[in-house]
Amino acid sequence: MTDTRMIDPELVPDYAALLRLDGRLFIVAGAGQGIGRQTAHALSSLGARVLCVDRDAALAEAVAAEVGGIAHVADITDRRAVEGVLERAAQEGNLRGIVDIVGIAPFDDLVDVSDEHWEQAMTVNAKHMLLLTSLGGKALAANGGGSITMIGSVSGMFAAERHSVYGMAKAGVIALAKSAASELGSSGVRVNTVSPGIVWTTRIAGLIGDDRRAEYDALAPLGSVAFPSDIASAVLFLSSDLARDITGHNLVVDGGSSIKSPLNTAAI
């Protein structure tokens, strides 16, 4: 069948319909709180059914109840557990998307990094993304295609003090998405990353202090740090057919902070 979009410049697609996710099942790994919870809400609001995966049963069940989804408890750093997630997805419906949000950003001086710190950072931030991309990519290909979206970080793109090992892991995630996009593209599977800067989660607010948020807002040209819903919005776009021709891309969501020179030239 001829794709009339290629030959008829007057044909206008239904853009709103391209955002809809009706009849599609999405796995959200790390759905229990923060960015994961917001992503579950974002996907379900456009018609997706969400398999809410978290290692904390109470969190998984709470978010699943909020979005009318399915709770599944798993530690996705384990291969067998990831296989279990995909088996559950196969039972529940038409798997068309995977979102992996699991991660933790420990702070440690480079000179103090231990073997245990390195192993934990790589396991918690990168290993499961490889497992879900490899095993999940095969499942999506068998279903006729879909999308995989992983959460990277600007720390994987630029130098970040006390984030050396975390940055290594996230740089690997960004590289993985590009390789996976190349290998899985012929099967109709798109793979992308979303790389946040500072996201004002409960954890970050606790570390920095809500009273200091204005200092971090001022670092961004848009005048605000990101919130979990901002990251979920980017994931929603990349998961929809509006992004049908986007793969291997790293979408930065940081209010423009990373485009600025650290030099304060305004004072010159």
K.L.:
Are the side chains of Val28 and Ile101 in touch, meaning some heavy atoms are under 4.5 Å apart?
P.N.:
yes
K.L.:
Roughly how far apart are Leu219 CG and Ser257 OG, rounded to 0.5 Å?
P.N.:
6.0 Å
K.L.:
Test of understanding: with ring pair (Phe, Tyr, Trp, His ring centres under 6.0 Å), list the residues that count as partners of Phe26, not counting sequence neighbours.
P.N.:
none
K.L.:
What's the separation between atom CG in Leu176 and atom CG in Leu132, rounded to the nearest 0.5 Å?
P.N.:
10.5 Å
K.L.:
Test of understanding: with side-chain hydrogen bond (donor to acceptor under 3.5 Å, both in side chains), list the residues that count as partners of Thr133, not counting sequence neighbours.
P.N.:
none
K.L.:
Hydrophobic clusters join Ile, Leu, Val, Met, Phe, Trp and Tyr when side-chain heavy atoms are under 4.5 Å apart, directly or via other members; which others share one with Val154?
P.N.:
Met157, Phe158, Ile174, Val252
K.L.:
Is there a continuous path of hydrophobic side-chain contacts, each under 4.5 Å between heavy atoms, that joins Val191 to Leu130?
P.N.:
yes
K.L.:
Val124: which other cluster members, linking ILVMFWY side chains closer than 4.5 Å, directly or transitively?
P.N.:
Ile104
K.L.:
Per the salt bridge (Lys or Arg N to Asp or Glu O under 4.0 Å) rule, what does the pair list look like for residues 11-33, sequence neighbours excluded?
P.N.:
Arg20-Asp22, Arg24-Asp241
K.L.:
Could you name each residue pair satisfying side chain to side chain donor-acceptor pair (under 3.5 Å) that touches residues 59-75, not counting sequence neighbours?
P.N.:
Arg37-Glu66, His41-Glu66, His72-Arg88, Asp75-Thr77
K.L.:
Taking all non-hydrogen atoms of both residues, which atom of Leu86 and which atom of Ala139 are closest, and how far apart?
P.N.:
CD2-CB, 4.3 Å
K.L.:
If you take all heavy atoms of Ile208 and Tyr216, which pair is closest and at what distance?
P.N.:
CG2-CE1, 3.4 Å
K.L.:
Using distance only, find each side-chain donor-acceptor pair of residues 50-57 under 3.5 Å and give its atom names and separation, not counting sequence neighbours.
P.N.:
residue	atom	partner	partner atom	Å
Asp54	OD1	Asp56	N	3.0
Asp54	OD2	Gly32	N	2.9
Asp56	OD1	Ala58	N	3.0
Asp56	OD1	Leu59	N	3.2

K.L.:
Hydrophobic cluster membership, with links at side-chain heavy-atom distances under 4.5 Å among I/L/V/M/F/W/Y: are Val173 and Val253 in one?
P.N.:
no
K.L.:
To the closest 0.5 Å, what do you measure between NE2 (His128) and CZ (Arg79)?
P.N.:
14.0 Å
K.L.:
Do Ile198 and Tyr166 share a hydrophobic cluster, counting only Ile, Leu, Val, Met, Phe, Trp and Tyr and linking them when any side-chain heavy atoms are less than 4.5 Å apart?
P.N.:
no
K.L.:
More than 12 heavy atoms of other residues, nucleotides or ligands under 6.0 Å from CG of Asp245: yes or no?
P.N.:
no
K.L.:
Mind checking the CG-CG spacing from Leu236 to Leu21? Nearest 0.5 Å is all I need.
P.N.:
6.0 Å
K.L.:
CZ/Arg212 to CG/Asp217 distance, rounded to the nearest 0.5 angstrom?
P.N.:
12.5 Å
K.L.:
What closest approach, in Å, do Asp78 and Ala81 show between heavy atoms, and which atom pair accounts for it?
P.N.:
OD2-N, 2.9 Å
K.L.:
Judged by atom type as modelled, is there a donor-acceptor pair below 3.5 Å linking the side chain of Ser195 to the main-chain atoms of Ser153?
P.N.:
yes
K.L.:
Under the side-chain contact (heavy atoms from CB on, under 4.5 Å) rule, collect the residues that match up with Ser179, sequence neighbours excluded.
P.N.:
none
K.L.:
Any non-hydrogen side-chain atom of Leu140 less than 4.5 Å from a side-chain atom of Ile98?
P.N.:
yes
K.L.:
Can you confirm whether Leu25 sits close enough to Ile70 that some side-chain heavy atom of one is under 4.5 Å from a side-chain heavy atom of the other?
P.N.:
yes
K.L.:
Minimum heavy-atom separation for Gly255 to Pro221, with atom names?
P.N.:
O-CD, 3.2 Å
K.L.:
Can a donor-acceptor pair be found, under 3.5 Å and without considering hydrogens, that links the side chain of Ser187 to the backbone of Val189?
P.N.:
no
K.L.:
Judged by atom type as modelled, is there a donor-acceptor pair below 3.5 Å linking the side chain of Asn125 to the main-chain atoms of Ala169?
P.N.:
no
K.L.:
Determine whether Trp200 and Asp210 make a side-chain contact, defined as any pair of heavy atoms from C-beta on separated by less than 4.5 Å.
P.N.:
yes
K.L.:
So, taking the atom named CG in Asn192 and the one named CZ in Phe237, what distance separates them when rounded to the nearest 0.5 Å?
P.N.:
9.0 Å
K.L.:
Measuring only between side-chain heavy atoms, which start at C-beta, is Leu238 closer than 4.5 Å to Val99?
P.N.:
no
K.L.:
When you look at Thr193 and Leu251, which way does the side-chain contact (heavy atoms from CB on, under 4.5 Å) test go after all the steps?
P.N.:
CA-CA 6 Å; Thr193 50; Leu251 177 57; over 6 Å; no
K.L.:
Is a side-chain N or O of Asp254 found less than 3.5 angstrom from the main chain of Gly256, in a donor-acceptor match?
P.N.:
yes
K.L.:
A side-chain contact here means heavy atoms from C-beta on lying under 4.5 Å apart; do Ser147 and Arg96 qualify?
P.N.:
no
K.L.:
Where is the tightest heavy-atom contact between Ala42 and Ser45, given as atom of each residue plus distance?
P.N.:
O-OG, 2.7 Å
K.L.:
Please give me the minimum heavy-atom distance between Pro13 and Leu11, naming the atom from each residue.
P.N.:
CD-O, 3.8 Å
K.L.:
Do Val235 and Ile151 touch side chain to side chain, with heavy atoms closer than 4.5 Å?
P.N.:
yes
K.L.:
Could you state whether Ile27 and Val82 fall into the same hydrophobic cluster, counting links through intermediate Ile, Leu, Val, Met, Phe, Trp or Tyr residues with side-chain heavy atoms under 4.5 angstrom apart?
P.N.:
yes
K.L.:
Show me the side-chain donor-acceptor pairs of residues 222-233 shorter than 3.5 Å, one per line, residues at least two apart or across chains.
P.N.:
residue	atom	partner	partner atom	Å
Asp230	OD2	Phe227	N	2.8
Ser233	OG	Ser229	O	2.8

K.L.:
Which residues pass the side-chain hydrogen bond (donor to acceptor under 3.5 Å, both in side chains) test with Thr149, sequence neighbours left out?
P.N.:
none
K.L.:
If you look only at pairs with a residue in residues 188-206, which of them pass as a salt bridge (Lys or Arg N to Asp or Glu O under 4.0 Å), with sequence neighbours excluded?
P.N.:
none
K.L.:
Could you work out, with side-chain contact (heavy atoms from CB on, under 4.5 Å) as the rule, every residue matching Ser114, not counting sequence neighbours?
P.N.:
Glu116, His117
K.L.:
Would you say the side chain of Val67 lies within less than 4.5 Å of the side chain of Arg49, judging by non-hydrogen atoms?
P.N.:
no
K.L.:
Please walk me through it: do Ser239 and Leu43 pass side-chain contact (heavy atoms from CB on, under 4.5 Å)?
P.N.:
CA-CA 8 Å; Ser239 299; Leu43 295 171; 4.0 Å; yes
K.L.:
Answer yes if Val102 and Val73 sit in the same cluster of Ile, Leu, Val, Met, Phe, Trp and Tyr residues linked by side chain heavy atoms under 4.5 Å apart, and no otherwise.
P.N.:
no
